[in-house]
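The next block holds one structure in the form of structure tokens; read it before the comments.
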Amino acid sequence: MEHDDARSPELFKTPFSRAYWSRAAQDAKKLRTLVFSALMVAACVALGYLRSVPVVNNITVSWGFLARALCALVGGPVNALLFGVVEDTVGYFMSPGGPQGGYNPFYILTTVLGVFTYALFFYRAEVTVLRIFLAKLATNLQNVFLGGLGTYLWYSGGKGYWAIAAGSAVKNAIMLPVQAAMLAALFAALLPILHRMGFLPDQASRLKLWKRPGWLERGKTRAQEENAPRENPWEE
């Protein structure tokens, strides 16, 4: 039986199950999910007007990935496919400096894949700081290899692919801890609010440092049972 309430205790250990994708498809069709996604598209556009966070030298961190991660958290991987296409297209034509050069559909792929990856890590899962770091690591690797390929194919200016990828790798490695910290701070603040609004299940209502392995929990329960005081069968 399917649960219509987002607060239902339906979390998944991994996305590799039919139930996971059935739930993701169900959530992607909900009006509240579509409205939230539209708000996140608008947020991405608005965040594009904010000044980027300087890290070192000429390396800066923009803000749009925060809204993409939130949409992935709420909407799931099926919704992420539509959101990525819409957000990249709208963001391009409404960028602060206006469209620069020709419209490149290749970058839709990188945006869609990035939001899709966030969804695989965050949707219907207990969000932890470690999970956030791994999700950001995965998307930054996509930026290095896929983003580098797009730059090489359209804007290389004579540079080789590996030279472009190497420069991108340095940039993304420097940005990684800053982006992960920004995302962790955002989730710590908004997870309880999204839960109260009915977007998240109870188990995903707050950010955790890490998740205790299942075998550790079972060992703790077994030890508690062994150390529990036993009743005296001769007492009345």
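For the single chain, residues carry numbers from 1 onward in sequence order. Bear in mind the structure is a predicted one, so any value in this text is a computation, not a measurement.
- Cluster annotation: Leu50 is connected to Val90 through the hydrophobic network of ILVMFWY side chains, with a link wherever side-chain heavy atoms come within less than 4.5 Å.
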Could you go through Val35 and Arg32, starting from their C-alpha distance and side-chain angles, then the distance that decides it, and tell me whether this counts as side chain to side chain contact (heavy atoms under 4.5 Å, CB included)? CA-CA 5 Å; Val35 171; Arg32 62 187 295 137; 5.6 Å; no
Practice item. Output, in order, the C-alpha distance, side-chain angles, deciding distance and verdict of side chain to side chain contact (heavy atoms under 4.5 Å, CB included) for Tyr107 and Thr151. Key: CA-CA 10 Å; Tyr107 289 109; Thr151 302; 3.5 Å; yes
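- Considering every non-hydrogen atom in both Gly91 and Val45, the closest pair reads CA-CG2, 4.2 Å.
- Connection of Leu11 to Phe16 is not established within any shared hydrophobic cluster, with ILVMFWY side chains joined at heavy-atom distances below 4.5 Å, either directly or through further cluster members.
- Cluster annotation: Leu47 and Val115 are assigned to the same hydrophobic cluster (Ile/Leu/Val/Met/Phe/Trp/Tyr, side-chain heavy-atom contacts under 4.5 Å, transitive).
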Donor-acceptor pairs under 3.5 Å, side chain of residues 51-75 to any protein atom, not counting sequence neighbours: which ones?
from, atom 1, to, atom 2, distance (Å)
Trp63, NE1, Arg51, O, 2.9
Arg68, NE, Glu87, OE1, 2.9
Arg68, NH2, Glu87, OE2, 3.3

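- Residues passing the side chain to side chain contact (heavy atoms under 4.5 Å, CB included) test with Ala169, sequence neighbours excluded: Val144.
- Partners of Phe187 by ring-ring contact (aromatic ring centres under 6.0 Å, His included), not counting sequence neighbours, listed by chain and number: Phe122.
- Pairs of residues two or more places apart, or lying in two chains, that qualify as ring-ring contact (aromatic ring centres under 6.0 Å, His included) and include a residue from residues 17-39 are Phe12-Tyr20, Tyr20-Tyr123, Phe36-Phe199.
- Listed for the Ser22 side chain is no donor-acceptor partner under 3.5 Å among the backbone atoms of Arg18.
- Contact between Arg23 and Lys30 at its shortest, heavy atoms only, is NH2-NZ, 3.6 Å.
- In terms of the ring-ring contact (aromatic ring centres under 6.0 Å, His included) criterion, residue partners of Phe106 (sequence neighbours excluded) are, by chain and number, Trp154.
- Taking CD from Glu126 and CZ from Arg206, the interatomic distance works out to 9.0 Å, rounded to the nearest 0.5 Å.
- When all heavy atoms of Pro201 and His195 are compared, the closest pair comes out as O-CD2, 3.5 Å.
- Pairs of residues two or more places apart, or lying in two chains, never qualify as side-chain hydrogen bond (donor to acceptor under 3.5 Å, both in side chains) while including a residue from residues 184-194.
- Once rounded to the nearest 0.5 Å, the distance linking CE of Met94 with OH of Tyr49 reads 5.5 Å.
- Applying the side-chain hydrogen bond (donor to acceptor under 3.5 Å, both in side chains) test to Thr117 and every residue at least two apart in sequence or in another chain returns Gln142.
- Every residue was checked against the side-chain hydrogen bond (donor to acceptor under 3.5 Å, both in side chains) condition with Thr33, not counting sequence neighbours, and none meets it.
- Considering all non-hydrogen atoms of both residues, Val78 and Ala28 come closest at CG1-CB, 3.8 Å.
- Criterion: ILVMFWY side-chain heavy atoms under 4.5 Å apart, direct or through other members. Under it, Phe83 and Leu34 are not part of a common hydrophobic cluster.
- Considering every non-hydrogen atom in both Ser37 and Asn79, the closest pair reads OG-ND2, 2.9 Å.
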Taking only distance into account, with no hydrogens and no angle test, what donor-acceptor pairs under 3.5 Å do side-chain atoms of residues 172-182 form with protein atoms, sequence neighbours excluded?
from, atom 1, to, atom 2, distance (Å)
Asn172, OD1, Asn143, ND2, 3.4
Asn172, ND2, Ser168, O, 2.8
Asn172, ND2, Ser168, OG, 3.1
Gln179, OE1, Asn140, ND2, 3.1

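- Atom CG of Leu186 and atom CG of Leu191 lie 8.5 Å apart (nearest 0.5 Å).
- With sequence neighbours excluded, the residues satisfying side chain to side chain contact (heavy atoms under 4.5 Å, CB included) with Tyr161 are Phe145, Leu149, Tyr152, Ala165.
- Results of the side-chain contact (heavy atoms from CB on, under 4.5 Å) test with Leu200 over Ile193, Leu190, Val127, Leu194 single out Leu194 as the only residue that passes.
- Here OG1 of Thr139 is found 3.5 Å from OH of Tyr118. Values are rounded to the nearest 0.5 Å.
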